[in-house]
Amino acid sequence: MLTKLIEKLKAERKTIVFPEGTDYRILEAAARLIADDLLDVILIGEESEVKAAAEKDGRDISKATIINPATYEGMDALVEQMVELRKGKMTAEQCREALLGGAYFGTMLVKAGIADALLGGATYTTADTVRPALQLIKCKPGYKSVSSCYIMVKEGCPMLCMGDPAINIKPTADELAEAAVEYARTAEIFGIDPKVAMLSYSTFGSGAGEDVDKVREATKLAQERAPQYKIDGEMQLDAAVNPVVAAQKCKGSEVAGQATVFVFPDINAANIGYKILQHLGGYAAYGPIMQGLNAPINDLSRGCNADEVYTMAIITVALA
């Protein structure tokens with residue numbers, strides 16, 4: 001999976017910022033990224049503490065840039081920019097206080113163009129990572145919401161994209177449509193041919209109800225917004241993945257029976273769905289990968305390991 005992304009990184013040098021610069025998993029992954037000469041690394045934290053944590057485990061981070069927000073020479077400029085971005089919602093003093101924390105500081109480094117991407121969440125909650133991104137990086141022009149997806153990988157099987165298991169609890173039809181188009185674009189980055197299934201408990205009108213209507217409307221909106229992609233629904237999971245069922249229920253569909261991108265109707269279904277595939281199906285799950293932001297900001301699980309940090313760093317920067 002990573003080969004294509006690594007080639008992309010080597011063709012255009014990028015910089016990633018890690019807000020949790022003293023975490024042992026971050027340091028192990030950072031040392032590997034530096035040793036592999038894949039990208040430039042910024043670690044946030046007090047310099048002596050970051051170096052001591054790295055030395056404790058024998059990690060060579062000598063080529064990383066370490067920035068302590070408390071002593072950062074460009075802090076006044078970041079405060080001024082953040083005050084403008086918050087448009088009266090935070091005073092200069094409040095912005096300065098927020099920027100002393102790694103999540104806001106790292107996000108502002110991305111906003112200011114000092115870093116291309118951010119990966120956090122080894123110790124922070126998802127909200128700690130997402131909130132600064134929404135307030136400072138904000139949504140892409142024309143987008144109203146942010147969503148997330150996982151790339152699912154299993155040897156000998158095609159890669160899949162599944163969303164949204166982490167951000168939108170009960171997305172509207174418009175939000176589902178936005179997400180569907182973003183998932184298709186993300187899938188292409190990973191070399192997946194995006195065939196997008198808009199999932200429901202109904203297939204092409206076999207069921208009825210408010211939830212079915214929402215998915216049906218979302219399908220129509222997504223098709224109108226991105227006619228270059230194969231997007232179809234509403235459909236049940238069996239119709240999406242099983243060619244025999246698809247032939248019975250979805251004649252003529254270019255997606256049914258061969259879907260690679262799955263848009264779930266709400267966070268419950270998505271979270272359960274990807275974890276079933278991960279824990280019962282033997283797939284590795286990479287994510288959550290944030291969609292719809294002006295710059296790549298991604299969240300880690302607090303139970304992550306260094307291998308996951310390494311992989312997610314490559315994924316995150318490749319989206320830049």
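Residues take their numbers from the sequence shown, with the count starting at 1.
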Test item: side-chain donor near acceptor, [X] and [Y], under 3.5 Å:
X	Y	result
Tyr143	Gln291	no
Thr172	Asp174	no
Tyr124	Asp299	no

Check: Between Met198 and Phe204, is there a shared hydrophobic cluster once you connect ILVMFWY residues whose side-chain heavy atoms come closer than 4.5 Å?
Finding: no
Do other residues, nucleotides or ligands put more than 12 heavy atoms under 6.0 Å from the [atom1] atom of [X]?
X	atom1	result
Glu80	CD	no
Lys14	NZ	yes
Glu188	CD	yes

Problem set entry | Ionic contact status for Glu47 with Lys51, cut-off 4.0 Å | yes
* Asked: Given Ser202 and Glu234, is the side chain to side chain donor-acceptor pair (under 3.5 Å) satisfied, shown in steps?
  -> CA-CA 6 Å; Ser202 167; Glu234 85 284 5; 2.7 Å; yes
What's the shortest heavy-atom distance between [X] and [Y], and which atoms?
X	Y	value
Tyr201	Gln236	O-NE2, 3.3 Å
Ala240	Phe262	CB-CE2, 4.1 Å
Thr123	Arg25	CG2-NH2, 4.1 Å
Thr22	Ala53	O-CB, 3.7 Å
Pro69	Met75	O-CE, 3.1 Å
Leu119	Ala313	CD2-N, 3.5 Å

In this structure, CZ of Phe18 is separated from CD1 of Ile42 (nearest 0.5 Å) by 10.5 Å
When rounded to the nearest 0.5 Å, the distance separating CG of Leu5 from OG1 of Thr311 is 10.0 Å
Worksheet entry | Lys154 side chain to Ala284 backbone, donor-acceptor under 3.5 Å | no
Using side chain to side chain donor-acceptor pair (under 3.5 Å), reason through Glu175 and Ser147 one step at a time and then give a plain yes or no. CA-CA 8 Å; Glu175 288 168 340; Ser147 60; over 6 Å; no
Run the numbers on Lys89 and Gln135 for side chain to side chain donor-acceptor pair (under 3.5 Å), then give the verdict. CA-CA 10 Å; Lys89 295 179 181 178; Gln135 292 177 349; over 6 Å; no
Mutual orientation of the aromatic rings belonging to Phe105 and Tyr72 [parallel < 30°, tilted 30-60°, perpendicular > 60°]:
perpendicular
